[in-house]
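Working notes, beginning with the structure itself.
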Amino acid sequence: MATPQPLQLHAPLSGVLMPLDQVPDPVFSSRVIGDGVCIDPTSSTLCAPVAGVVSNVQASGHAITVTGENGLQVLMHIGLDTVNLAGKGFTRLVEEGEQVDVGQSLIEFDADFLALNARSLLTLIVVVSGEPFTWLVAETGVVESGQPLLSLQTDAPTTDESLPGEGEALLSQPITLSNPNGLHARPAAVFAQAAKRFAASVFLHKQHERVNAKSLVAIMTLQTAHRDVVHVSAAGADAEAAIEILSELLISGCGEAGAGPAPMVLNVTETQSSTVLRGVCASAGSAFGQVVQIAEPPLPVTELGATPQVERDDLARGLAEALTQLQQLRDNALGEAQADIFKAHQELLEDPSLLEVAQVLINEGKSAAFAWRAATESTASLFKSLGNALLAERAADLADVGQRVLKRILRVEDRVLALPDGAILIAEQLTPSQTAGLDTRKVLGFATVGGGATSHVAILARAAGLPAICGLPPQVLDLADGTQVLLDADKGELHLAPDLATIEQLQADRQQQQKRQQHELANAALAACTRDGHRIEVTANVASLSETEQALTLGGEGVGLLRSEFLYLDRNHAPSHDEQASTYSAIARALGPARNLVVRTLDVGGDKPLAYVPMAAESNPFLGMRGIRLCLERPQLLREQFRAILASAGLSRLHIMLPMVTQLSELRFARQLLEEEALALGLAELPKLGIMIEVPAAALLADLFAPHVDFFSIGTNDLTQYTLAMDRDHPRLASQADSFHPSVLRLIASTVTAAHAHGKWVGVCGALASETLATPLLLGLGVDELSVSVPLIPAVKAAVREVNRVDCQALAQQVLGLESAEQVREALRVYRAATVDTSLVLEN
Ligand code: PEP
Ligand code: MG
């Protein structure tokens, strides 16, 4: 065994050191590519940190890799998102393959140009070969170019790629992984970090594959999954200790919550208590049919490539073919929702950071398939690990599009599954592509372990009218093909051995539900007028032109909330002014001059990241730079949006609404920007300007806000989470974070009183407005408009027609004095049972 050699890495730039964790780019801060340092530069020439060969320099000149002694590889990346500058501002001073001395100039850059045109000048120096290091200077503070920075522990060169010396290598017992998602980014990082503490060479094995256990990326490429069996092998002086400690670490789940010594696997067919498996509803409805398990066979990916040029060409071909396929899917899509999903997939394929990670690996000698898979999987794992529901759902899209390209690179044809009639598909997770391609003549519904209620898969299932459940326990994957099951998506239940009575009850409920819906639909065009003649406006919450059109056919009287951030959710670049203006104008034109259009300005942050509005990671995003706060921090963004919205003035009754307003100063500043933009456009009349009431501070100061607004719209989703201090996405608090809580209702009541005192109208656009159980209550509290989810327009209008306003007022006063959401719900149920024709109006 050779003795490890220390090697020094010198600062390639002068500047200020910053911990990697604080870099506002997850690809670097999570150390997926490797550990290293970040420098905020004060010099503008990047120099070689070690002597070696330039193993890669990007054509755009923003990134370069130098390979030094013993295979040490250092990647330097100047600025963030600088790949988008396409070479502008960079001068390459060396070529690929050139031998360089430590301190030799490699790239010059125009710091002023970058400061103006790139997201950040922060420069990353990453040890991609994975050697552990110790600092030779303080980890923060100023460094001078050429100053020794790190001492790296490199192994002496070994000519043998296999385990060093058969006799020396030790192998662990087989270990069954307990991590729910296998060794994804976080547990893999913990494991790699631990492995690096040993001088021995350490490998992780899965079946016939083995990878360097000290490399996070390598571990992730093993694609381990829950219950996979792995081994650890080690060779060297401390091999025995390495095997013992690393095996224990794997058994304990590498510090991941929810993992740990493998529990006994439940055999669902044998346990009485497991005849019903529970998940959450992804698409409403129910079906009785037979299980068909969907599992894609693994693709044959080899690690090493031919020449980088060959592999680059393969990747380019795979990407081009996948783009063409996606275009065909878009062209043949069943509706706009489906087409939009494939458009989003096309955008993902053009994502510069994804391509960059793949290119780096190809340049290191990996095959196109391996590099692409590693790039998409590591980014998808990152998305999943960030604890953000929307990003986790984008991970499913990334996995889907990643697989599509992988198949094209490997020239593997898509599998055509022979389905029996009455199939209920079961899968770990269905991809959006699979869902869109389902034969609805044979498939009655599906149930998955992964996925979420707001995922693209759920959207597609709803568009296709297929009942679906997601979030089921993994035991569902053990069900034998052909097992008869009852999928009750409304309740989020999969019944494994349904008796005849259960099946019949379900069918009866469905008939009753259909009868009610037909009745509501037949009357959808009628006004929402109470029995005693009080009219309330029922408008729609929309996120696209097609939803607006659908809302109108279902009796919607306008748009009470256009969630503008959803128009361009999956884009990685901002839409142009013309594009935005034409979207708003098309929606306004569809509504016409007699109907309200309430456009909410970008509500980004919290659970809604927007790719083209990069934001620093926040430990508490719902309490951070969200909504109007973010827009006022970037007034240019808001000005541009105002200009685009104003282009639709006159086509409908235009209203602009600001989200997340907390302070009067925010409203004043936004109004000033709006007035300036309207003036610049020569508009004689300003559109109506209102705010969302979704922060308790705004509700409590409603009397002070009211003189300065034209209207209020209450966002009960956020108002509930902020009033009750319960994250709206928290799975364990879901049943308690209830908008029927009297505290929320009191805030609604006082907001309405304050608005009416100043002659302003109040709407409710949060999900409470779409609950027919809440309709009499909101009427009684004096709300003037209900903006609801499109499919529920007929039901809410019908619920208004069923009641007397005077009764509703008495009911509202009664429930304001109750102490819990459950008491409120119960009071409303009692009221409904006593007053309403329940044969036609049921709780949705
Ligand atoms: C709300 O918070 O109730 C609301 C309508 O806004 P969003 O759900 O988009 O945050
Ligand atoms: Mg909100």
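For ligands, and for the atoms within them, numbers begin at 1 and follow the listed sequence.
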**OP:** For Gly766, counting its heavy atoms only, list the atoms of ligand 1 lying under 4.0 Å from any of them.
**Re:** 3 (O), 5 (C)

**OP:** Could you pull out the atom name of the N/O/S atom in Glu694 that is nearest the Mg ion (ligand 2)?
**Re:** OE1

Original post:
Nearest to the Mg ion (ligand 2), which N, O or S atom of Asp718 do we find?
Top reply: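 For Asp718, the N, O or S atom at the smallest distance from the Mg ion (ligand 2) is OD2.
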
**OP:** Select one of side chain, backbone, both or neither to describe which atoms of Arg626 lie under 4.0 Å from any atom of ligand 1, heavy atoms only.
**Re:**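 The answer is the side chain of Arg626.
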
Original post:
Taking non-hydrogen atoms only, is Gln721 closer than 4.0 angstrom to ligand 1 via side chain, backbone, both or neither?
Top reply: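 Neither; nothing of Gln721 gets under 4.0 Å from ligand 1.
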
Subject >> Metal check, the Mg ion (ligand 2) vs Asp603 N/O/S, cut-off below 2.8 Å >> reply: no

Original post:
Relative to atom 2 (O) of ligand 1, which among Asp718, Val764, Leu768 owns the nearest non-hydrogen atom?
Top reply: Asp718

Original post:
So do Leu828 and Phe740 actually touch side chain to side chain, heavy atoms under 4.5 Å?
Top reply: yes

Are a donor atom and an acceptor atom from the side chains of [X] and [Y] found within less than 3.5 Å of each other?
X	Y	value
Gln641	Tyr584	yes
Thr720	Ser739	yes
Arg330	Gln346	yes

Original post:
Looking at residues at least two apart in the chain, or sitting in another chain, which of them share a side-chain contact (heavy atoms from CB on, under 4.5 Å) with Ala524?
Top reply: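 Applying side-chain contact (heavy atoms from CB on, under 4.5 Å) to Ala524 gives Pro794.
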
Subject >> Non-neighbouring partners of Arg535 that pass side-chain hydrogen bond (donor to acceptor under 3.5 Å, both in side chains), sequence neighbours left out >> reply: Glu557

